[in-house]
Amino acid sequence: MDQMDRLMVVEVEIGSLSTADSPRTTGVDQEHVAALAVVQTPLPPITVHRPSMRVIDGLHRLRAAELRGQRKIAVRYFDGDDADAFVVAVESNVTHGLPLTTADRKRAAGRIIASHPQWSDRMIASVSGIAPGTVADIRRRAPGGRTGEESRIGHDGRVRPINGAEGRRLASELIAQNPGLSLRQVARVASISPETVRDVRNRMMRGEDPVPRRGRQAHHEVRVEPPRLGRGPSAVPDRDAAQDRAEAVKRLKADPALRFSEIGRTLLRLLNLHTISMEEWDQIIDKVPPHCRGIVAYLASESAEMWTEVAVRVQSKVAETA
């Protein structure tokens, strides 16, 4: 968080601190406190909300310090408001230390939805440590649901409309006019995510409407034939794309600069994962257990963004050496 001074650590009287309003509803784990109390090396500073002197992160470290008979403890201050302080508390207790229970994470997500309704499901999911789909379910069940919302702030800090139909249509026009544009370039202009652009492009390659049926108005039943990409109406783009990727990876495998270096072999292994066809992906997707689908979708989305970033950075190096 920008409002937290991560460099400034001060000694604070333990008696001046409050432990109210913790996202951990199960209370203190005494075994964890006892384990921390016997640690010989200094424990990391706790985080305290300066306006209220409430412990945001480090309740178990605080109790361990009390158990050791300390009067003071190392503190980093956070100066934001109460709502942001709760977000920091949740995020901190998800990423390190004794993790929050699933029930606590869901309760925390519900509270963050109420205090930060402008945040996207994915952004809240990244803070609370649950799947974006679970956040969406919690939001739908919350009083008021999605009433009045037109846009949300995404994980990348950009504001995007909730109904991305117009963005998808604009993206399809941009892709048809200039297929060489990157996902991020199209996403920036159309105000949608790079992964939504990828979906639009894939739909166009299959000859489908770039806007999924659930995203269209119910009375708009007339299908508008989208622009097609590829070699022509009789082409099978997914199969051809898989074959093209396999051939490209095969050529890279023959390059000694990659074959005979550890990093090169790692890259080849990663690239080889993406040579399977859409039919094979369909089989994999169908076999994902229902209870794993949310986290698999989340990880797939994260991986896709990572590969997009890799593509952008490698392409920039191509331009530098051209």
Side-chain angles (χ1 to χ4, degrees), residues 120-122 132-133 136 151 154 158 160-251 271-288 293-294 296-312 314-315:
S120 70
D121 294 340
R122 186 176 178 191
S151 62
R158 294 180 182 171
R160 294 189 176 91
I162 294 175
N163 180 2
E166 289 305 316
R168 281 176 169 270
R169 292 192 182 97
L170 175 57
S172 68
E173 293 173 7
L174 292 170
I175 293 170
Q177 293 167 6
N178 191 344
L181 289 175
S182 71
L183 297 179
R184 287 186 181 275
Q185 287 173 320
V186 176
R188 212 161 22 239
V189 176
S191 294
I192 56 178
S193 71
E195 284 313 301
T196 302
V197 177
R198 185 192 301 279
D199 183 65
V200 168
R201 187 180 65 185
N202 289 341
R203 286 175 174 277
M204 293 170 67
M205 293 176 68
R206 295 193 297 267
E208 298 174 2
D209 194 310
V211 182
R213 180 170 295 276
R214 65 180 179 275
R216 286 180 256 142
Q217 297 294 331
H219 59 274
H220 285 145
E221 293 298 330
V222 178
R223 178 181 173 85
V224 178
E225 190 65 26
R228 287 178 177 268
L229 300 180
R231 298 176 179 83
S234 62
V236 185
D238 286 334
R239 186 187 307 151
D240 290 344
Q243 291 174 346
D244 289 345
R245 290 196 300 271
E247 286 298 320
V249 172
K250 184 178 179 180
R251 289 195 297 272
L271 292 172
N272 197 57
L273 292 173
H274 302 284
T275 61
I276 65 175
S277 66
M278 198 63 226
E279 289 79 5
E280 292 173 289
W281 276 119
D282 287 339
Q283 294 175 12
I284 293 171
I285 293 167
D286 289 341
K287 296 297 183 182
V288 175
R293 288 171 185 165
V296 169
Y298 168 73
L299 291 172
S301 178
E302 287 292 309
S303 298
E305 281 210 358
M306 190 178 300
W307 273 113
T308 300
E309 183 65 26
V310 169
V312 170
V314 173
Q315 188 61 46

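Below, all heavy atoms of this structure are taken into account, side chains as well, without hydrogens, waters or symmetry copies. Note that the numbering runs from 1 along the sequence shown for the chain.
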Side chain to side chain, Val186 and Ile175, heavy atoms closer than 4.5 Å: yes
Contacts of Asn272 that satisfy side-chain contact (heavy atoms from CB on, under 4.5 Å) - sequence neighbours left out: Val249, Lys253, Thr275
Heavy-atom check, side chain of Pro212 versus side chain of Arg203, under 4.5 Å: yes
Heavy-atom pair with the smallest gap, counting every atom of Arg206 and Glu208: NE-OE2, 3.2 Å
Closest non-hydrogen atom pair, Asp121 against Pro132: CB-O, 3.8 Å
Residues which pass side-chain contact (heavy atoms from CB on, under 4.5 Å) with Ile284, listed by chain and number, not counting sequence neighbours: Ile276, Trp281
Rounded distance (nearest 0.5 Å) linking atom CD of Glu173 with atom CZ of Arg169: 9.5 Å
Under-4.0 Å salt bridge between Asp199 and Arg168: yes
Contacts of type side-chain contact (heavy atoms from CB on, under 4.5 Å), residue Ser182, not counting sequence neighbours: Arg184, Gln185
Pairing residues for Trp307 by the ring pair (Phe, Tyr, Trp, His ring centres under 6.0 Å) criterion, not counting sequence neighbours: His274
Side chain to side chain donor-acceptor pair (under 3.5 Å) partners of Glu280, counting only residues at least two apart: Ser277
Of Asn202, Leu174, Leu181, Leu183, the residue whose pairing with Val197 passes side chain to side chain contact (heavy atoms under 4.5 Å, CB included): Leu183
Atom of Pro210, atom of Val200 and distance for their closest heavy-atom approach: CB-CG1, 3.8 Å
Taking every non-hydrogen atom, the tightest pair across Pro179 and Ala176: CD-O, 4.1 Å
